[in-house]
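The figures that follow rest on heavy atoms only: side chains count, while hydrogens, waters and symmetry mates do not. As the structure lists them, so they are numbered: ligands from 1, and atoms in each ligand from 1.
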Amino acid sequence: MEYNPRTGQYRDDNGKVIPKTQILDTIEQERRILERKIEAHSQNLISNSIDEFEWERRIKRDLKESHLKMVALGAGGKDNISQRHRGQVGAALRQEYNALFDFRKKRQAGEISDRQLVARSKFYSRSLSQSYHRSEQLTRAQNGATLAKRTLDPTAKHCPECPGYSTRGKFVPIQNVVPPGTRCSCRGNCKCTVVYRVA
Ligand SMILES: [Zn+2]
Ligand SMILES: [Zn+2]
């Protein structure tokens, strides 16, 4: 895969542009992989193969790895990850880690049943697409894009906030566009897309 910083598009080895839908599928695949890993850690905790600290450590490790993959995807490859990308994903990960810390404390206090543990821990996979979209916006701005258009897929599952972020078919200044998953209860697990443009 080759990334074009001017258009923000990837091309495959035959030179064919990879459609955005395929990028979104890649994010969803990674989310499912992460979800399964987290589920396995929770099952291991339930069966006492690991303790709460090890459970937390493994989830943090897997979250970090998957988020960094999303950042790289939005940046046009690992080599394009800048300090600002790192700062952005670092802040997002700290939030996840804090929530995980509180969750672990509650589990240790006996407030979380096994069933709740499995169901709720899986939710940690849902912040991945946010990291992709934030990285993409930062990357495109760094590469000269000044305008963006955010589109809602009305057939997709989205939260009550998503429609308010659509720019209704218009290109607007890039800084006015909220990347999907940010300040949004579906966390970007919708099919909202953003197109960027160099003015
Ligand atoms: Zn949403
Ligand atoms: Zn959305």
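Judged purely by distance below 3.5 Å, without hydrogens or angles, the side chains of Arg84 and Gln88 never pair a donor atom with an acceptor atom.
Protein N/O/S atoms found under 2.8 Å from the Zn ion (ligand 1), listed by chain and residue number: Cys159 SG, Cys162 SG, Cys184 SG, Cys186 SG.
Taking CE of Met70 as the reference point, atom CD of Glu65 lies at 10.5 Å (rounded to 0.5 Å).
No side-chain donor-acceptor contact under 3.5 Å links Arg120 to the backbone of Ile112. With Thr26 contributing its side chain and Gln22 its backbone, the two residues share a donor-acceptor pair below 3.5 Å.
Residue Leu93 is tested with Leu63, Leu68, Asn98 for a side-chain contact (heavy atoms from CB on, under 4.5 Å); the sole match is Leu63. Under the salt bridge (charged side-chain N to carboxylate O under 4.0 Å, His left out) rule, Glu96 has a single partner from Arg126, Lys60, Arg187, which is Arg187.
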